[in-house]
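None of these values were measured; they are calculated from a predicted model. Within every chain, numbering begins at 1; the chains are lettered A, B, ... in the order of the sequence lines, protein sequences first and strands thereafter.
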2 protein chains.
Amino acid sequence: MKTCSSSYTCPVEATIHLIGGKYKAVILWHLRDQVLRFSELHRLVPKATTKMLTQQLRELESDGLISRTVYPVVPPKTEYALTEFGQTLLPVLESLCDWGTIYLEKISDADCSF
Amino acid sequence: MKTCSSSYTCPVEATIHLIGGKYKAVILWHLRDQVLRFSELHRLVPKATTKMLTQQLRELESDGLISRTVYPVVPPKTEYALTEFGQTLLPVLESLCDWGTIYLEKISDADCSF
DNA sequence: CAGCATCCCTACAGATACTG
DNA sequence: CAGTATCTGTAGGGATGCTG
């Protein structure tokens with residue numbers, strides 16, 4: 001999941017490469033309307049270990065989608081936010097969310113085996 | 001990347017789970033306006049090995065996004081197409097593509113180191 | 001609080017060869 | 001043509017413990 005600018009055969013591939021990571025889309029989604037600290041993010045994405053969360057955040061950062069601001073205070077404080085470029089993803093994230101909502105309704109109707 | 005209906009914390013996660021696979025979005029994208037045979041798909045997604053391609057296609061099929069039609073002829077002929085449900089993903093795929101296009105322009109402007 | 005460092009393991013994915 | 005089967009390596013990712 002490294003960004004290697006390897007020739008994409010189509011733009012869809014490029015987008016998925018950026019937001020298709022295990023927790024990336026969710027992270028971006030949570031940051032859509034608010035700035036969040038590491039621990040807040042972690043609370044919102046509990047399935048991610050700190051290592052994973054850190055890693056995904058770093059990748060999003062190096063792709064220019066989010067910003068990371070460290071406040072030199074005690075105790076430490078780091079804030080994550082969408083960059084301007086990250087904001088341009090919002091329509092994409094919204095369509096992901098919209099479709100996901102419909103999908104979840106669909107499967108909760110059909111399959112109640114869980 | 002198995003479909004296990006494990007409780008999603010948000011719909012975005014669910015969508016990514018379905019189309020976030022390594023080649024899934026690209027496959028769906030190629031099927032958006034045409035029916036394709038295995039070999040045709042493989043030509044369009046050459047980076048995928050036959051194993052990978054088969055696997056991704058099976059997952060898409062079991063998620064109800066694409067249909068697989070086998071014609072009992074010699075030589076064998078199999079056709080893949082979007083299901084009606086798969087069609088509902090088109091807006092999502094389009095927004096992925098739109099954004100990807102812009103992104104690719106952006107990085108080809110900024111970084112010419114490749 | 002926000003992480004980094006380690007150890008460790010398995011499952012993802014590549015290469016290759018074979019079949020109806 | 002449209003796959004399956006097997007064998008294998010690598011890295012994705014979990015658990016745990018430590019630090020500025």
What's B:Pro75 touching, base or sugar-phosphate or nothing? Going by heavy atoms closer than 4.0 Å. sugar-phosphate
D:dG3 C1' sits how many Å from B:Arg37 CZ, rounded? 13 Å
If the cut-off is 4.0 Å, is B:Thr78 near the phosphate of D:dG3, judged by side-chain N/O to OP1 or OP2? yes
D:dG12, OP1 or OP2 - any side-chain N/O from B:Lys22 closer than 4.0 Å? no
Reckon A:Thr54 touches a base, only the sugar-phosphate, or nothing at all at heavy-atom distances under 4.0 Å? sugar-phosphate
Using ring centroids (six-membered ring only for Trp), state whether B:Tyr23 and B:Trp29 fall under 6.0 Å. no
Just call it for B:Tyr23: base, sugar-phosphate, or nothing, with non-hydrogen atoms closer than 4.0 Å on any strand. sugar-phosphate
Nucleotide nearest B:Met52 when distance is taken to its side chain, options D:dG14, C:dG14, D:dA2: C:dG14
Check whether any side-chain N or O of A:Arg68 sits under 4.0 Å from OP1 or OP2 of C:dG3, and answer yes or no. yes
B:Gln56 CD - C:dA11 P separation (whole Å): 17 Å
What integer distance in Å separates A:His42:NE2 from D:dG14:P? 10 Å
Is any side-chain N or O of A:Thr49 closer than 4.0 Å to OP1 or OP2 of D:dA15? no
DNA chain C: 5'-proximal contact among A:Tyr80 and A:Lys51 (nearest heavy atom): A:Tyr80
Measure from the side-chain heavy atoms of B:Arg58 and tell me the nearest of C:dG3, D:dT4, C:dG14. D:dT4
Can you tell whether the side chains of A:Glu13 and B:Lys22 come within less than 4.0 Å, N to carboxylate O? no
Find out if a path of hydrophobic residues (ILVMFWY) with successive side-chain heavy-atom gaps under 4.5 Å connects B:Ile66 to B:Leu36. yes
If we ignore angles and hydrogens, is there a donor and acceptor under 3.5 Å between the side chains of B:Ser95 and A:Ser95? yes
Mark yes or no for whether B:His42, through its side chain, and B:Ala48, through its backbone, hold a donor-acceptor pair below 3.5 Å. yes
Under 4.0 Å, heavy atoms only, any strand: does B:Ser39 hit a base, just the sugar-phosphate, or nothing? sugar-phosphate
Rounded distance in Å - CD (A:Glu61) to C1' (C:dG3): 13 Å
Interatomic distance where NZ belongs to A:Lys77 and P belongs to C:dA2 [whole Å]: 9 Å
Atom CD of A:Glu40 and atom P of C:dA2: how far apart are they, to the nearest Å? 8 Å
